[in-house]
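Along the sequence shown, the residues carry numbers beginning at 1. Because the structure is predicted, anything quoted here is derived from the model rather than measured.
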Amino acid sequence: MIVLGVHCGFNIHTHEPGAALAVNGKIIACCEEERYLRNKNAIGFLPNYSIRATLKIAKINFKKINLIVSTGITAKNYSKTLRKYFMDNFGYCPKIVLVDHHLSHIASAFYSSGYEKATCLSLDAFGDKKSGLIAEASINGGIKPLKYISSKNSLGNFYSAATEFLGYSDGDEYKVMGLASYGKPKVNLDQILMNSDNLWKLNSKFFVNQKTPFEHRYSEYFINKYKKYKRKNGEKITVSHKNFAASVQSHIVKFIKKAFLNSSKMSKYKNSICYAGGVALNCSAVKEILYSNIFQNIYIPPNPSDRGLALGCAYLGSVHLKDKTKPITSPYLGSQYSDKDIKKELINNNSVFKKPKNIYSLTARLLSKGKIVGWYQGRSEIGARALGNRSILADPSKKEMKEILNKKIKYREEFRPFAPAVLEEHADKYFNTNNSKIPFMNCTVKVNKKLIKKMYSAVHVDGTSRVQTVSKKMNIKFYNLINSFYKITGVPILINTSFNLKGQPIVETPRDALMTFYGSGIDYLVLGSYLISKK
């Protein structure tokens, strides 16, 4: 059976729309609207381009779809609205099933994990009038909700409000996470987010109910209580701002850990947990969970935020139709462009290019000489983090590389760290991974202090890195490149940052890659089999 999972923009908070297609329980394609629309997060948009992209990848006519599944179960008349959208745009609409936002988050994590049974946790800002869900799941028995968390007590809303309070925008939470390592958790936030017999409680005085996208989440009461820590957008960052960020991070980690402990108590499946929702993007918090050993196994999908809702919907639709679900074996589920497509684009742009015999060794030599390379291969990865198919790469051992990347290419804040991609078999030598594979770059880990000089520019100020372990099985081309670099330098690691400029989505097409290449300080670009230079 064929299922289309969609996540659509139906109010001012709905972001990261997309589509996923499952055929007989297997995910064939998963695409994010922002990549095609070129509008980061694509707030309020419908997944027009991503639906068509999934159909093109699967080579399926829309009228062959048996079922459409979407979140938005609490939205008024939403089925009717969706049906009209599909009839207007595709001339056909099969049966539509609406599901709970957090159930979809959990489905995206559990059914993609390959686990037979697991505890499950979703923590987010808002979704279908709730902010989280604790559940247990098994392949045979499905997902059993154990406890929903009210939207009034949203951990995601707490962190987002603090992000805006520090002068950043909704969606910039990762900046606060990076800044936190430069401060000390000296600010008491117990009056905002406090312990409760019901997990935790948010004090509503500190928040406003946003009616437009132009309102902040924090209230005047919030400002009055923490005025000395308030920062305007663009204002110079002070020690007080750093300490506030550190306090916010420390505070939320305490409650995330409490959620994991309570999940373990409530579920009968004690060994493994599947974790999703926007809060799961807080990789510094995941580090604390990893080292706590509350669970033996932790699985976070490559797209745990709302980017993964379409994936969860496709899985839930497969279960609804009694198809046997199959885990994803790779995060590379987006669109792909052939060497023929790439060459045509290069010629049209009068690019200087060649097709070397060994693209890996040549690229590795350039990287070893301090050059920065855009690396574009195969199908695009799902999620917010580039995982070796739409990446900007550099030598981590060069001390000046972080500053160069931030100033000449990414045009972003100097305090933000860069992530290392390491050959899987060398990971434990350089990082304390707690014997875990981390292929989706969703957890920071402690770095071996004796080896920091080999990856200086990929280590954050607190001695951690958001690592990606790279295997032959999951990405042979990226593996071959890092291995070629290892043979030249003795370092099995590359800096891997997303192929985009500040405020833009990750590049999707060869043309997007060329535009970013020519509009930044990237030295060389590899598109498929071709090497492009600026001379």
Side-chain angles (χ1 to χ4, degrees), residues 15-19 29-43 45-57 171 302-303 307 331-353 355 359 363 371-394 405 408-412 418-419 441 475 477-478 481 495-534:
H15 52 96
E16 302 170 343
C30 186
C31 300
E32 298 170 17
E33 192 69 10
E34 68 163 35
R35 307 283 182 90
Y36 305 91
L37 192 64
R38 307 310 301 155
N39 181 327
K40 191 170 183 180
N41 296 327
I43 297 173
F45 282 90
L46 296 167
N48 293 306
Y49 292 105
S50 43
I51 289 172
R52 287 173 168 82
T54 60
L55 294 170
K56 183 178 179 181
I57 292 166
N303 52 353
R307 297 170 190 272
Y332 312 103
L333 294 169
S335 296
Q336 182 171 5
Y337 305 85
S338 68
D339 269 358
K340 183 179 178 181
D341 297 327
I342 290 169
K343 187 174 182 180
K344 181 180 178 181
E345 198 67 59
L346 293 173
I347 292 170
N348 288 344
N349 283 275
N350 293 318
S351 298
V352 179
F353 68 94
K355 191 175 184 179
I359 195 70
T363 305
K371 301 300 182 183
I372 297 166
V373 178
W375 181 257
Y376 180 105
Q377 300 290 336
R379 298 178 68 177
S380 56
E381 49 273 84
I382 55 176
R385 288 152 186 167
L387 299 172
N389 277 12
R390 304 286 187 274
S391 294
I392 295 172
L393 307 174
L405 284 166
K408 291 179 62 179
I409 296 166
K410 300 295 279 191
Y411 308 120
R412 66 186 201 180
F418 287 99
M441 203 185 279
N475 194 330
K477 290 183 178 181
F478 195 32
L481 175 61
I495 287 177
N496 176 15
T497 188
S498 56
F499 199 159
N500 66 312
L501 303 183
K502 182 182 178 182
Q504 296 181 3
I506 296 174
V507 299
E508 174 56 40
T509 66
R511 180 174 293 182
D512 298 335
L514 285 167
M515 289 172 69
T516 302
F517 173 58
Y518 290 124
S520 71
I522 298 173
D523 297 305
Y524 291 90
L525 171 62
V526 176
L527 285 176
S529 301
Y530 297 99
L531 177 71
I532 301 98
S533 65
K534 292 179 177 175

Minimum heavy-atom separation for [X] to [Y], with atom names?
{"X": "Ser335", "Y": "Tyr36", "answer": "OG-OH, 2.6 Å"}
{"X": "Tyr332", "Y": "Glu381", "answer": "CD2-CB, 3.8 Å"}
{"X": "Ser498", "Y": "Ala386", "answer": "CA-CB, 3.4 Å"}
{"X": "Ser50", "Y": "Gly18", "answer": "OG-CA, 3.6 Å"}

For Asp512, check side-chain contact (heavy atoms from CB on, under 4.5 Å) against everything at least two apart and list the hits.
->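 With neighbours one apart ignored, the set is Arg38, Val507, Glu508, Thr509.
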
Residue list, side-chain contact (heavy atoms from CB on, under 4.5 Å) with Asp339, at least two apart or on another chain |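 Residues passing side-chain contact (heavy atoms from CB on, under 4.5 Å) with Asp339: Ile342, Lys355, Ser529, Tyr530.
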
Going through the distances and angles, do Cys31 and Tyr49 end up as a side-chain contact (heavy atoms from CB on, under 4.5 Å)?
-> CA-CA 9 Å; Cys31 300; Tyr49 292 105; over 6 Å; no

Say you draw a straight line from [atom1] of [X] to [atom2] of [Y]; how long is it, rounded to the nearest 0.5 Å?
{"X": "Ile506", "Y": "Ile382", "atom1": "CD1", "atom2": "CD1", "result": "11.5 Å"}
{"X": "Tyr337", "Y": "Tyr376", "atom1": "OH", "atom2": "OH", "result": "5.5 Å"}
{"X": "Leu481", "Y": "Ser391", "atom1": "CG", "atom2": "OG", "result": "10.0 Å"}
{"X": "Leu525", "Y": "Thr363", "atom1": "CG", "atom2": "OG1", "result": "10.0 Å"}
{"X": "Glu16", "Y": "Asn303", "atom1": "CD", "atom2": "CG", "result": "9.5 Å"}
{"X": "Ile372", "Y": "Ile409", "atom1": "CD1", "atom2": "CD1", "result": "3.5 Å"}

Heavy-atom side-chain proximity of [X] to [Y] below 4.5 angstrom:
{"X": "Asn41", "Y": "Arg307", "value": "yes"}
{"X": "Lys534", "Y": "Asp523", "value": "no"}
{"X": "Val526", "Y": "Leu393", "value": "no"}
{"X": "Thr54", "Y": "Leu333", "value": "no"}

Stepwise, does the side-chain contact (heavy atoms from CB on, under 4.5 Å) test hold for Leu514 with Leu527?
-> CA-CA 9 Å; Leu514 285 167; Leu527 285 176; 4.1 Å; yes

Answer yes or no: is there a donor N or O on one side and an acceptor on the other, between the side chain of [X] and the main chain of [Y], under 3.5 Å?
{"X": "Arg379", "Y": "Gly334", "result": "yes"}
{"X": "Gln377", "Y": "Gly528", "result": "yes"}
{"X": "Asn496", "Y": "Ala419", "result": "no"}
{"X": "Lys410", "Y": "Asn500", "result": "yes"}
{"X": "Thr516", "Y": "Ala513", "result": "no"}
{"X": "Glu34", "Y": "Lys40", "result": "no"}
{"X": "Glu32", "Y": "Gly383", "result": "yes"}
{"X": "Glu345", "Y": "Pro510", "result": "no"}

Checking Arg412 against Phe418: charged group under 6.0 Å from the ring centre and within 45 degrees of the axis?
->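 Satisfied, under 6.0 Å and within 45°.
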
Does CZ belonging to Phe517 count more than 12 external heavy atoms closer than 6.0 Å?
->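 More than 12 within 6.0 Å, yes.
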
Are Leu387 and Asn475 close enough, and set up right, to give a side-chain contact (heavy atoms from CB on, under 4.5 Å), and what steps lead you there?
-> CA-CA 9 Å; Leu387 299 172; Asn475 194 330; over 6 Å; no

Go through Ser351 and Tyr518 one step at a time and tell me if the side-chain hydrogen bond (donor to acceptor under 3.5 Å, both in side chains) criterion holds.
-> CA-CA 10 Å; Ser351 298; Tyr518 290 124; 2.9 Å; yes

Please step through side-chain contact (heavy atoms from CB on, under 4.5 Å) for the pair Phe499 and Asn389, ending with a clear verdict.
-> CA-CA 9 Å; Phe499 199 159; Asn389 277 12; over 6 Å; no

